[in-house]
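See structure below.
When a ligand or atom number is given, it counts from 1 through the structure's own listing order. Note that the structure is predicted; figures quoted are calculated from it, not measured. Here, residue 1 is the first one in the sequence, and each next residue gets the next number.
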Amino acid sequence: MLLRTAKNALRSSVDSAAVLFGPQRRQPREPRLWILMYHRILPKSDPRYSREEPGMVVTPETLEMHLQILRRHFDIVPLSEWLDRRHSGQALPAKSCAITFDDGWLDNYEYAFPILKRHQVPATLFAVSHMIGTSDSFWPNRVAKLLERPRKELESIPWLAPHLPPEDFSPDAESASAQETASRVIGSLKTFSDDRIHSWLDSVAPEAADERAMMNWDELREMATSGFVEIGSHTCHHYRLRTDLPPDIIERELAESKKILGEELKQAPRLFCYPNGDVCEQALRQVPEFYQAAVTTKRGINVASELNSFQLLRLGIHQDRCDTEAKFYSRLANWY
Ligand SMILES: [Zn+2]
């Protein structure tokens, strides 16, 4: 026990050093910006936790631990403020960090917002305008729900059958196995257009009125007016902006989401987030017509002098990779 504690302490200090003295310190005078990408914030005891993909969740306790570490080593800044300062040539801290939440999940309001307020930490939340206040689900969550059905029923769904685990798989043995199956099916579906995926799901599992997973306008408004949270756009429907999406739809996703968020929140969004990180030529051309900057899912740390404001790099943060101080330091160092 003592040995393990000592080992952990050593690993932790090595990892802390990675952040403080690692590769990103080679040019200490060059300002850098870490943008952290969170999705859902849920306690493990919440039934929504086990139904979600592991890469999407962080517990409230883990978020608390992250904020304490970040405050120790970074200037935590509102993303648009850092971009404004850089744009106008003002001095920037050597190491800044901006926190972002994607999608507009209700749990962000329930669990993340009180923590942000308590720590007085700013963040940006990217909302999907047409999903706000609805009980609509993202298609990966619909797939996960579909897979809860009895095996016999799933085997009768043509496309799905080859993606199911072997016959001896026991659905109640391990939730990790169920998540593995869901991840495999979701990964295979991603090769199709959003339209085809939704049509397929509509035919095999019509959307049922479910408990609301996304924030409503009042909750979003409360966050937006708190002074801690800026709201950015994440399109109208979370369609991936790929070449298989018709050009007029791409334009509408950018323009309409900006318009609706601006009308409802009395402040037009300035920042944009590409769903699933997908970026096509048209999106790259048109996003700057509507927004001042955009974040991707491309992993990395932004260097002020080499910045592409419309392809900002982020570090994905989730429970299994960041639930200890040592793991979180390694992620901040961008070692894995
Ligand atoms: Zn998203």
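Taking 2.8 Å as the limit, the number of protein N, O or S atoms around the Zn ion (ligand 1) is 3.
Between the side chains of Tyr274 and His234, not a single donor N or O lies within less than 3.5 Å of an accepting N or O. Using modelled atom types and a 3.5 Å distance limit, the side chains of Tyr38 and Thr62 yield no donor-acceptor pair.
Taking the six-membered ring wherever Trp is involved, the centroid distance between the rings of Tyr329 and His73 falls below 6.0 Å. Aromatic ring centroids of His39 and Phe101 lie 6.0 Å or more apart.
When all heavy atoms of Arg48 and Arg40 are compared, the pair lying nearest together is CD-NH2, 3.9 Å.
Applying the 6.0 Å contact sphere to CG of Asp195 captures no more than 12 heavy atoms from other residues, nucleotides or ligands.
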